Participant: 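Here it is: the structure, laid out below.
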Amino acid sequence: MVNILHIDSSPRGERSHSRELSKEFVSGWKAAHPQDAIAYRDIGRHPVPHVNEAWIAAAFSPPETHTPELTEAIRISDELVDEFLAADRYIFGVPMYNFNIPSTFKAYIDQIVRINRTVALDAQGFRGLVEGKKAVIITARGGDFSATSPFIAYDFQEPYLRTIFGFIGITDIQFINANSLNEGDARTQSLSEARAAIQDLIAQW
Ligand SMILES: Cc1cc2nc3c(=O)[nH]c(=O)nc-3n(C[C@H](O)[C@H](O)[C@H](O)COP(=O)(O)O)c2cc1C
């Protein structure tokens, strides 16, 4: 049995393409692997908190030194990290906002990138602690940032996500980028390509 963590980050409901596509991946996966356990978190509609001063004090000091206030300040982060580490695989639905990820997804990343929990720091530098895991990241973009597009240099979303998840040790990441979703005819084509990519990946992942 594989434990999967499925996260959506669009604030939109029925109209969200990233949500619709990540759901399609999960439904197909469940049909093919009914024994797997899938946890779900909706940070688009139920955002996690931003880090604050007490969080920072708690995250960068040994837990055994924490006052009750510092324990409380880091509690949600601890729960999110526990949930993250309990998963073997990840499925993320992520809109492109201003050429990058929505702030809700960034707030989540700030909560789970934690020294001594998901990344270690020693004399050799940083070392990711989240090893042997795989991720599928399904993005939704209004414009076209595909390899042949003149706007590929504006895509800070896929490079950032590869970097930050690689930083904590997750390097096996498959991207399904649904481009051109605000571009009329191109949208239909893009969605059908994303759907085909989802079915292919379900068969191979
Ligand atoms: C605040 C905001 C910023 C956006 N920025 C971009 C952008 O930089 N590039 C782009 O191609 N589309 C941009 N879009 C369009 C979204 O990426 C597109 O609507 C996508 O489908 C949103 O994901 P969702 O359908 O899952 O909600 C933006 C949309 C919003 C609401």
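Keep in mind it's a predicted model, so treat the numbers as computed, not measured. Keep in mind that the numbers below use all heavy atoms, side chains included, and drop hydrogens, waters and symmetry copies. When a ligand or atom number is given, it counts from 1 through the structure's own listing order.
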Participant: May I ask you to check whether Ser180 and Arg141 show a side-chain donor-acceptor distance below 3.5 Å?
Facilitator: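 Distance-only check fails for Ser180 and Arg141.
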Participant: Backbone N or O of Val81 within a donor-acceptor pair of the Asp78 side chain at under 3.5 Å?
Facilitator: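 Side chain of Asp78 to backbone of Val81: no pair is present.
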Participant: Ignoring hydrogens and angles, state whether a donor on the side chain of Ser146 or Asn179 is under 3.5 Å from an acceptor on the partner side chain.
Facilitator: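 Looking only at side-chain atoms, Asn179 and Ser146 do not form any donor-acceptor pair under 3.5 Å.
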Participant: How close do Trp55 and Ala73 get, counting heavy atoms only, and between which atoms?
Facilitator: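 Closest heavy-atom pair between Trp55 and Ala73: CD1-O, 3.6 Å.
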Participant: For the NZ atom of Lys133 and the CZ atom of Arg89, what is their distance to the nearest 0.5 Å?
Facilitator: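 With rounding to 0.5 Å, NZ (Lys133) is 11.5 Å from CZ (Arg89).
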Participant: Could you give the N/O to N/O pairs under 3.5 Å linking ligand 1 and the protein, each with its distance?
Facilitator:
from     : atom 1 : to     : atom 2 : distance (Å)
ligand 1 : 5 (N)  : Asn98  : N      : 2.8
ligand 1 : 8 (O)  : Asn98  : N      : 3.1
ligand 1 : 8 (O)  : Phe99  : N      : 2.7
ligand 1 : 11 (O) : Gly142 : N      : 3.1
ligand 1 : 11 (O) : Gly143 : N      : 2.7
ligand 1 : 12 (N) : Gly142 : N      : 3.1
ligand 1 : 14 (N) : Met96  : O      : 3.4
ligand 1 : 17 (O) : Met96  : O      : 2.7
ligand 1 : 17 (O) : Ala140 : O      : 3.3
ligand 1 : 17 (O) : Gly142 : N      : 3.4
ligand 1 : 25 (O) : Arg12  : NH2    : 2.8
ligand 1 : 25 (O) : His17  : N      : 2.8
ligand 1 : 26 (O) : Ser16  : OG     : 2.7
ligand 1 : 26 (O) : His17  : N      : 3.4
ligand 1 : 26 (O) : Ser18  : N      : 3.0
ligand 1 : 26 (O) : Ser18  : OG     : 2.5
ligand 1 : 27 (O) : Ser10  : OG     : 2.7
ligand 1 : 27 (O) : Arg12  : NE     : 3.0

Participant: Strictly distance-based, threshold 3.5 Å: is any side-chain N or O of Arg114 a donor or acceptor partner for the main-chain N or O of Arg117?
Facilitator: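 No.
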